2 protein chains.
Amino acid sequence: MTTTATRTSPRKRKSNGLRPQIDADEIGLDALVGHAGYAVRRFQIWIFQDFIRTLSEVDIRPTQYSVLTVIGANPGLSQMAVAKRLGIERARLVHLLDSLEQRKLVKRIKSKADRRSHALHLTAQGETALAKFKRLAAEHERHVEDKIGKANRERLLQILAGFS
Amino acid sequence: MTTTATRTSPRKRKSNGLRPQIDADEIGLDALVGHAGYAVRRFQIWIFQDFIRTLSEVDIRPTQYSVLTVIGANPGLSQMAVAKRLGIERARLVHLLDSLEQRKLVKRIKSKADRRSHALHLTAQGETALAKFKRLAAEHERHVEDKIGKANRERLLQILAGFS
DNA sequence: TATTGTTATACTCTATAACTATA
DNA sequence: TATAGTTATAGAGTATAACAATA
């Protein structure tokens, strides 16, 4: 156990005199490098930031996009069904839908079969909007390709297919 | 545009009579399937939950582990340096360190070179504790291997190496 | 003037619990 | 009694802004 670390340290140009004053790129991550979770978290943050930036003109965030997409592909679903499918808390989905309903993208229709539940549908406006969101999301996806490479992106999707 | 979706739908045993009442596994994800971000997010949630569960006996969460690991490998770092390296807001790091300092794992030492900044060190107790955390984190990492396979985990680390 | 650590505020997200109206 | 949707609360986590001490 030494007191000064940074294993490979090239000991760069020092600004003042004594003590570390290490630049960010000189700092070793140690055990973190071997953890899939760390890399995955950093990557996920990058992806979400790019998604938000790419869809900023339409003000749609990843979770909102996932809700719209699932409702679009499965009209008539209940809130519980959407929440379960996407791993969102049903309490949280209420607020997400409030916002999407205010924006006239989604409507809640009282189910006749079970009067406790709502059947979720896109509005006509929601359908056309979603088509645009999908085009922008595809653009975001190309940014991912540019970042890690086309082949790597596909390998990644294969490896993680079980988690969708 | 049909009103009932779920493309491949095997049309399972229905409970009552009319309308969807679709099971979670019958719900199609549509465009989401092609998005790396969606798979990565779901995987990251799974990883963090397993990490938290595996380290629950020592009550250490992923971010706390990353802070301890970086300080352990680079004693004397300032808070700014740690925050930058890990991509944590410096305001947030303050609270993280407050908690780790209360638990006697970390100490802040006033720097003589720059009296604005604190040099961060593990306590003796922090050193031994971190060794245990690392053993548990390695156990968690084996859970990841069990989940996606040893080769896939390594491929993943290679693909995402640039994000550490 | 700029930077370090700090405090504070706001908004997102997760995790619960409890309430209501139905079933 | 159980479930769907709702409301409310508490804790992480992210994003800012502002302040004091120091550079």
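Computed from a predicted model, the values in this text were never measured in an experiment. In the text below, chain A, chain B and the rest are named by the order of the sequence lines, each starting its count at 1. In what follows, every heavy atom counts, from backbone to side chain, and hydrogens, waters and symmetry copies are set aside.
- Near-neighbour residues of DNA chain D inside residues 91-98 of chain A, defined by a heavy atom below 4.0 Å, number-ordered: A/A91, A/V94.
- Considering only residues two or more places apart in sequence or on other chains, B/H118 meets the ring pair (Phe, Tyr, Trp, His ring centres under 6.0 Å) condition with none of them.
- Remark: A/K132 engages A/E57 in a salt bridge (charged side-chain N to carboxylate O under 4.0 Å, His left out) (not counting sequence neighbours).
- Residue A/I52 belongs to no hydrophobic cluster, having no ILVMFWY side-chain heavy atom closer than 4.5 Å to its own.
- Residues passing the salt bridge (charged side-chain N to carboxylate O under 4.0 Å, His left out) test with A/R115: none are found, sequence neighbours excluded.
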Below 3.5 Å is the cut-off: list the nitrogen or oxygen pairs between protein and nucleotides 19-23 of chain D, distance only.
unit_1 : atom_1 : unit_2 : atom_2 : d
D/dT22 : OP1    : B/R115 : NH2    : 3.4
D/dA23 : OP1    : B/R115 : N      : 2.9

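- Of all heavy-atom pairs spanning A/S78 and A/S117, the tightest one is CB-CB, 4.4 Å.
- OP1 or OP2 of D/dA15 has at least one side-chain nitrogen or oxygen of A/Q49 nearer than 4.0 Å.
- Atom CG of residue B/L55 and atom CD of residue B/Q64 lie 10.0 Å apart, to the nearest 0.5 angstrom.
- With sequence neighbours left out, B/E139 forms a salt bridge (charged side-chain N to carboxylate O under 4.0 Å, His left out) with no residue at all.
- Within residues 52-68 of chain A, the residues approached by DNA chain C to less than 4.0 Å at the level of any non-hydrogen atom are A/R61, A/T63, in residue-number order.
- Side chains of A/Q79 and A/R108: a donor-acceptor N/O pair is present below 3.5 angstrom, by distance only.
- Close placement of the A/H35 and B/Y65 rings is indicated, their centers lying within 6.0 Å of each other.
- Of all heavy-atom pairs spanning A/Q125 and A/L105, the tightest one is O-CD2, 4.4 Å.
- The residue among B/E89 and B/F48 whose nearest nucleotide of DNA chain D is located toward the 5' end is B/F48.
- Identified under the salt bridge (Lys or Arg N to Asp or Glu O under 4.0 Å) test for residues 37-55 of chain A, with sequence neighbours left out: A/D50-A/R53.
- Between the P atom of D/dG13 and the CZ atom of B/R41 lies a distance of 16 Å, rounded to the nearest Å.
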Side-chain donor-acceptor pairs of residues 153-164 of chain B under 3.5 Å, sequence neighbours excluded:
unit_1 : atom_1 : unit_2 : atom_2 : d
B/R153 : NE     : B/E141 : OE2    : 2.8
B/R153 : NH2    : A/G34  : O      : 2.6
B/R153 : NH2    : B/E141 : OE2    : 3.4
B/R155 : NH1    : B/N152 : OD1    : 3.0
B/S164 : OG     : B/A161 : O      : 2.9

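- If you walk DNA chain C from 5' to 3' and mark each nucleotide with an atom closer than 4.0 Å to a heavy atom of chain A, the marks span C/dT12 to C/dA23.
- The salt bridge (charged side-chain N to carboxylate O under 4.0 Å, His left out) test applied to B/R116 returns B/D114, not counting sequence neighbours.
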